Peer 1: 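Starting off with a structure, shown below.
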Amino acid sequence: MTMPSTEQMAALLEAATSARERAYAPYSHFAVGAALLGTDGKTYTGCNVENASYGLTLCAERAAVVAAVAAGCRSFVALALVADTGMEKIVTPCGACRQVLAEFAPGLTVVCANIGGQSATYRLGDLLPHRFDLE
Ligand code: THU
């Protein structure tokens, strides 16, 4: 299992913070940014994209996965997630995003941060034990 370096994690958090600035969240006003480090060394970003039909909202993490897969990358080392709850609280990926991330990278390192710079690091397998898997 590849572990991201401190420098890679810092760069990934920066990329997620920039992606968050492009979030389209006129309904919840809760902007989220995500950045995935591919095993190809490239970074793929995503932000949440909401819709007037609320249930169609796409989370930042899944947007990053879609961007990576469309660019030809299907394996990942780490994910950085950045949001701002207005408190010290740090958010982790929602259940649907955990399942989608696990499809491609069950051993993923997940770093969750708020814009104040506080962060927490998890293993995707700890966030989602016993993912649904047909294999
Ligand atoms: N959101 C994400 O982008 N990622 C998550 O893991 C959970 C929630 C977004 C969806 C919605 O636009 C806003 O946060 C509030 O739920």
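All ligand and atom numbering here is 1-based and tracks the order in the structure. One-based numbering along the sequence shown. Keep in mind that this is a model prediction, so the values were computed, not measured.
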Peer 1: Give the numbers and elements of all ligand 1 atoms closer than 4.0 Å to a heavy atom of Glu61.
Peer 2: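 The list of qualifying atoms is 2 (C), 3 (O), 4 (N), 5 (C), 6 (O).
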Peer 1: Would Val111 and Leu12 satisfy side-chain contact (heavy atoms from CB on, under 4.5 Å), going step by step from the backbone distance to the final call?
Peer 2: CA-CA 9 Å; Val111 180; Leu12 213 55; over 6 Å; no
Peer 1: What atoms in ligand 1 come closer than 4.0 Å to a heavy atom of Glu50?
Peer 2: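 Close to Glu50: 11 (C), 12 (O), 13 (C).
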Peer 1: What part of Ala25 sits under 4.0 Å from ligand 1 if we count only heavy atoms: the side chain, the backbone, both or neither?
Peer 2: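 Neither part.
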Peer 1: Should Leu108 and Arg123 be marked as a side-chain contact (heavy atoms from CB on, under 4.5 Å) after you check the CA-CA gap, both sets of side-chain angles, and the distance that decides it?
Peer 2: CA-CA 6 Å; Leu108 195 70; Arg123 293 241 142 239; over 6 Å; no
Peer 1: For the pair Gln99 (side chain) and Arg131 (backbone), establish whether a donor and an acceptor sit closer than 3.5 Å, ignoring hydrogens and angles.
Peer 2: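 It does not hold such a pair.
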Peer 1: side-chain contact (heavy atoms from CB on, under 4.5 Å), that's the test. Do Phe104 and Ser75 meet it? Break it down for me.
Peer 2: CA-CA 6 Å; Phe104 297 100; Ser75 58; over 6 Å; no
Peer 1: Of all the non-hydrogen atoms in the protein, which one sits nearest to atom 9 (C) of ligand 1, and at what distance?
Peer 2: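 Atom 9 (C) of ligand 1 sits closest to the protein heavy atom Asn48 ND2, 3.6 Å.
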Peer 1: Under 3.5 Å, N or O to N or O, is Ala60 touching ligand 1 that way?
Peer 2: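 Between Ala60 and ligand 1, an N or O pair is found under 3.5 Å apart.
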Peer 1: Where do Pro106 and Leu124 come nearest, in terms of heavy atoms and distance?
Peer 2: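 Minimum heavy-atom separation between Pro106 and Leu124: O-CB, 3.8 Å.
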Peer 1: For atom 16 (O) of ligand 1, state whether the nearest protein heavy atom is under 4.0 Å away.
Peer 2: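 Given the 4.0 Å limit, the answer for atom 16 (O) of ligand 1 is no, no protein heavy atom qualifies.
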Peer 1: Dump the intermediate steps for side-chain contact (heavy atoms from CB on, under 4.5 Å) on Tyr24 and Asn48, then the final yes or no.
Peer 2: CA-CA 6 Å; Tyr24 176 71; Asn48 53 330; over 6 Å; no
Peer 1: Considering only non-hydrogen protein atoms, determine which one is nearest to atom 1 (N) of ligand 1 and report residue, atom name and distance to 0.1 Å.
Peer 2: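 That would be Cys59 SG, 3.7 Å.
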Peer 1: Run the contact test for Pro93 against ligand 1 with a 4.0 Å cut-off on heavy atoms, strictly below, and give the result.
Peer 2: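 Yes, Pro93 has heavy atoms under 4.0 Å from ligand 1.
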